[in-house]
Amino acid sequence: MQHRTWIAAAIGTAAVTLAAGLWIDALETGHTDGGLKDGGLKADPAGVKDTSPSGGVTECVGTQPTGSLPGLPGTPKGAGDTALDRTLAYIDLAQRRHAAVFTGLAVDQRHQTAKVWRIPSAALDADLCGAAEKGVTIRLHDTDVNRTTLDALAGRISEDMQRWEGTFQMRAVGVDSEGFVSVGVDDPAKAEPILKETFGEKYIEVERMGQIEADVG
């Protein structure tokens, strides 16, 4: 499942703002510790375990009973009502409580895994791992930036997408769950040094993108 949420795109000669729904890509109740003890992360199958020599990725497996979490509000009965769906709905709410450290969310349906990028946080990890239902894996990836910062950077870059005409064409701007802003352009070699000089070196990735056509069907 793709990690990127495009927030603005240039179609023809006009720049438009795109809906930034996270549910497809990602998208309060009391819970037991779900494999977490005394505020720490247990290195057993029910808790969080290090899966990377660098410590950059950890994961936990849900231990809560099936159906212990509510589904996404407004979802018809029977739709979006799996253990993974309910866990994703919980993460969608939890990210607001942990906005200072939350970066992004993506879904691996095949492996029933929610992939979360965040600034390392014992509180967020305990919250998500303690709530996840049985059969769901939560994979936690380290970053050094939160979503609020990335959204603000993407907003600055997309504020005037036509300003570079004559040098290069900016075609889309999006926030990637992994912790950077992706900028689609016609000529990355020209665009990248200009954009990084203007907006800073960190958190910007420039990629080649073809012309976006409006769907008139």
Side-chain angles (χ1 to χ4, degrees), residues 1-7 17-37 39 41-42 45-49 51 57-143 145-152 154 174-180:
M1 188 74 70
Q2 71 176 41
H3 300 165
R4 194 161 302 155
T5 303
W6 297 109
I7 64 167
T17 300
L18 305 179
L22 288 177
W23 175 245
I24 257 192
D25 237 67
L27 235 60
E28 286 165 27
T29 54
H31 299 282
T32 60
D33 66 23
L36 296 151
K37 185 177 180 181
L41 302 181
K42 290 172 61 180
V48 175
K49 58 184 179 180
T51 60
V57 182
T58 54
E59 68 177 36
C60 59
V61 178
T63 60
Q64 295 302 315
T66 300
S68 60
L69 290 172
L72 193 67
T75 302
K77 187 172 179 58
D81 196 27
T82 67
L84 179 59
D85 292 327
R86 290 187 295 271
T87 300
L88 291 171
Y90 183 87
I91 294 172
D92 190 51
L93 293 174
Q95 66 159 304
R96 302 169 200 176
R97 298 193 296 273
H98 300 280
V101 297
F102 183 85
T103 305
L105 172 64
V107 183
D108 180 349
Q109 293 277 1
R110 180 180 176 187
H111 297 101
Q112 294 294 286
T113 298
K115 298 188 286 186
V116 177
W117 285 263
R118 85 286 183 256
I119 299 171
S121 165
L124 173 60
D125 295 356
D127 189 358
L128 302 189
C129 292
E133 291 190 13
K134 289 180 180 178
V136 175
T137 297
I138 296 181
R139 187 165 295 128
L140 300 153
H141 300 261
D142 293 353
T143 70
V145 63
N146 62 33
R147 179 65 184 238
T148 302
T149 298
L150 294 175
D151 283 341
V175 176
D176 193 285
S177 298
E178 295 189 22
F180 61 88

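Nothing here was measured: the structure is a model prediction, and the numbers come from that model.
- Counting all heavy atoms, side chain and backbone alike, Glu133 lies closest to Thr66 at OE1-CA, 3.5 Å.
- Taking both residues in full, the closest heavy atoms of Ala131 and Tyr90 are given as CB-CE2, 3.4 Å, listed atom of the first, atom of the second, then distance.
- With hydrogens and angles left out, the side-chain atoms of Thr149 and Asn146 include a donor and acceptor closer than 3.5 Å.
- From Ile91, atom CD1 reaches atom CZ of Arg96 across 12.5 Å, with rounding to the nearest 0.5 Å.
- A donor-acceptor pair is defined here as one N or O able to donate and one able to accept, closer than 3.5 Å; such a pair exists between the side chain of Thr103 and the backbone of Val145.
- Rounding to the nearest 0.5 angstrom, the gap separating the NE2 atom in His141 from the CH2 atom in Trp117 is 4.5 Å.
- Separating the CG atom in Asp127 from the NE2 atom in His98 is a distance of 3.5 Å, to the nearest 0.5 Å.
- Minimum heavy-atom separation, Thr63 to Lys134: O-CE, 3.4 Å.
- Note that NE2 of His111 and CZ of Arg139 are 8.5 Å apart. Values are rounded to the nearest 0.5 Å.
- To the nearest 0.5 Å, atoms CG (Leu105) and CG (Leu88) are separated by 6.0 Å.
- Residues Ile119 and Ala100 approach most closely at CD1-O, 3.8 Å, considering heavy atoms.
- A search for side chain to side chain contact (heavy atoms under 4.5 Å, CB included) contacts involving Gln112 returns Leu84, Gln109, not counting sequence neighbours.
- Interatomic distance, Arg118 CZ to Asp125 CG, rounded to the nearest 0.5 Å: 4.0 Å.
- The heavy-atom pair separating Thr143 from Pro120 by the smallest distance is O-CD, 3.5 Å.
- Nearest heavy-atom pair across Cys129 and Leu140 is SG-CD1, 4.1 Å.
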